[in-house]
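Data first, discussion second: the structure below is written as C-alpha cells.
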Amino acid sequence: MSLASQLIQPPEVSAPRLLGTVLVSELGSSPVTVKISEVEAYRGEDDPASHAFRGRTGRNGSMFEVPGTLYVYRSYGVHWCANVAVGPKGTGWAILFRGGDVIDGMATARSRRGRDDHLANGPGKLCQALGIDGSHDGINLLEAGSPLRLEPGTPPQMVMATPRVGITKAQDLPWRFVAATSSANRS
DNA sequence: AGGATGATGGACT
DNA sequence: GTCCATCATCCTA
C-alpha cells in the first residue's frame with residue numbers, strides 16, 4: 001500500500017500508519033533524516049483540539065489542502081511544529097509529527113539543536129533538527145523533488161495509543177500514537 | 001483595538 | 001517537578 005493511499009484515510013487511521021515512515025530534509029546544505037516514532041491525529045472541524053476546529057483561517061489553510069501538504073505553525077511564540085494534511089482535500093484533517101529518531105545526518109541535527117542528545121523527541125525539537133520553519137508551510141511532502149519529503153519505512157512491531165499531549169479539549173480521545181520500541185517515549 | 005491563549009522546551013531547584 | 005520566555009493568531013468588544 002502506497003504512502004499516498006495511507007494519507008487519504010481519516011486521521012485516527014492514518015496516524016499510526018505514519019509511525020516508522022521517514023522525513024527526509026534537504027532544506028540545508030546537508031540532509032537530515034528522522035524516523036517517525038510519535039504522532040497525534042487532529043480531526044479538523046469535528047475536533048475541538050484541532051487548529052481547524054473553527055474552519056479555515058489565515059494560519060491553518062494548509063490543513064485544508066491536498067493530503068501530503070505540510071502545515072507548520074509557531075508554538076508558544078518560539079518553537080515550530082509540523083503536521084501533514086490527510087484525508088480528502090478540504091477536511092482540515094492532519095497529523096502532528098510529535099517525535100522521532102535521527103537516523104541520518106546526525107552531525108547536522110546536533111549542530112542545529114546545539115546539543116548531542118534529545119534531537120527530535122518532541123514536535124519543536126523535531127522541526128529544529130530538520131530545519132523546518134514557517135517558510136516551509138504549504139509544501140508537498142509527497143513530491144519527488146521536494147526538499148522535505150515523507151517516505152515509506154518499516155512499521156513498528158507494536159503501537160501504543162494514548163491521550164494527546166498539551167491540549168485542554170477532547171482530552172479523552174486516545175489519538176496520540178507511539179511506536180513501542182521508540183526512544184522518544186515520554187510519559 | 002486589545003487581550004487571552006497555547007498541539008513547547010530549556011533552565012533551574 | 002516547577003517556572004516562564006515570547007508572539008502570532010483569533011476572539012470579543
Side-chain angles (χ1 to χ4, degrees), chain A residues 7 10-19 21 23 25 32 34 36-65 67-87 91-102 109-139 141 148 150 159-179 182-187:
Chain A
L7 294 182
E12 68 276 17
V13 174
S14 181
R17 297 184 185 176
L18 293 188
L19 296 172
T21 62
L23 270 174
S25 166
V32 172
V34 167
I36 301 302
S37 62
E38 180 175 345
V39 296
E40 280 176 3
Y42 286 89
R43 200 180 166 103
E45 299 180 80
D46 299 331
D47 180 0
S50 170
H51 288 179
F53 182 56
R54 294 169 200 279
R56 188 169 183 153
T57 66
R59 169 174 63 164
N60 66 19
S62 297
M63 299 177 91
F64 291 84
E65 280 307 318
T69 302
L70 181 70
Y71 165 52
V72 181
Y73 67 92
R74 211 207 256 295
S75 172
Y76 290 90
V78 268
H79 310 289
W80 296 105
C81 294
N83 304 242
V84 58
V86 301
T91 55
W93 297 346
I95 312 298
L96 169 69
F97 294 114
R98 267 201 73 83
D101 300 294
V102 176
R110 283 178 168 156
S111 167
R112 283 182 177 141
R113 293 278 300 121
R115 55 195 305 157
D116 289 342
D117 56 357
H118 300 134
L119 297 179
N121 63 330
K125 302 177 208 179
L126 180 146
C127 280
Q128 192 179 15
L130 289 170
I132 299 172
D133 64 41
S135 70
H136 306 117
D137 180 58
I139 68 176
L141 299 178
L148 184 67
L150 185 64
V159 175
M160 293 188 300
T162 73
R164 295 177 290 186
V165 174
I167 56 171
T168 58
K169 298 156 198 157
Q171 294 173 326
D172 51 313
L173 297 170
W175 283 357
R176 171 188 183 228
F177 302 94
V178 184
S182 161
S183 67
N185 295 0
R186 298 184 296 177
S187 60

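Chain naming here is simple, since letters A, B, ... match the order of the sequence lines and numbering starts at 1 in each.
Listed nucleotides C:dA5, B:dG9, C:dC10 differ in distance to A:H79; the shortest reach to its side chain belongs to B:dG9. Looking at the side chain of A:Y76, the nearest of the listed nucleotides B:dG6, B:dG9, B:dA7 is B:dG6. In the set B:dA7, C:dC10, C:dA8, the nucleotide with an atom closest to the side chain of A:Y73 is B:dA7. Picking from B:dG9, B:dG6, B:dT8 the nucleotide with the shortest atom distance to the side chain of A:V165 gives B:dT8. The nucleotide whose nearest atom lies closest to any side-chain atom of A:K125 is, among B:dG10, C:dC10, B:dT8, B:dG10. Candidate nucleotides B:dA7, B:dG9, C:dT9 were compared by shortest atom distance to the side chain of A:R59, and C:dT9 ranks first. The side chain of A:R74 approaches C:dC7 more closely than any other nucleotide in the set B:dT8, C:dC7, B:dG6. Considering only side-chain atoms of A:V78, the nucleotide from C:dC10, C:dT6, C:dA8 that sits closest is C:dT6.
For B:dT8, one of the phosphate oxygens OP1 or OP2 lies less than 4.0 angstrom from a side-chain nitrogen or oxygen of A:R98. Within the structure, every side-chain polar atom (N or O) of A:R54 is placed at least 4.0 Å from both OP1 and OP2 of C:dC10. One finds no side-chain N or O of A:H51 lying less than 4.0 angstrom from the OP1 or OP2 phosphate oxygen of C:dT9. Dashed line: the shortest gap from a side-chain N or O of A:R113 to OP1 or OP2 of B:dG10 is under 4.0 Å.
Applying the 5.5 angstrom centroid cut-off and the 30 degree plane-angle cut-off, the aromatic ring of A:Y42 is stacked upon the base of B:dA7.
Remark: A:E45 does not engage A:R56 in a salt bridge, criterion side-chain N to carboxylate O under 4.0 Å. Between A:D172 and A:R164, no side-chain nitrogen of the basic residue sits less than 4.0 Å from a carboxylate oxygen of the acidic one, so the salt-bridge criterion is not met.
Taking the centre of each ring, A:Y42 and A:H51 stay at or above the 6.0 Å mark.
Proximity of a side-chain donor or acceptor of A:N83 to a complementary backbone N or O of A:A94 within less than 3.5 Å is not detected.
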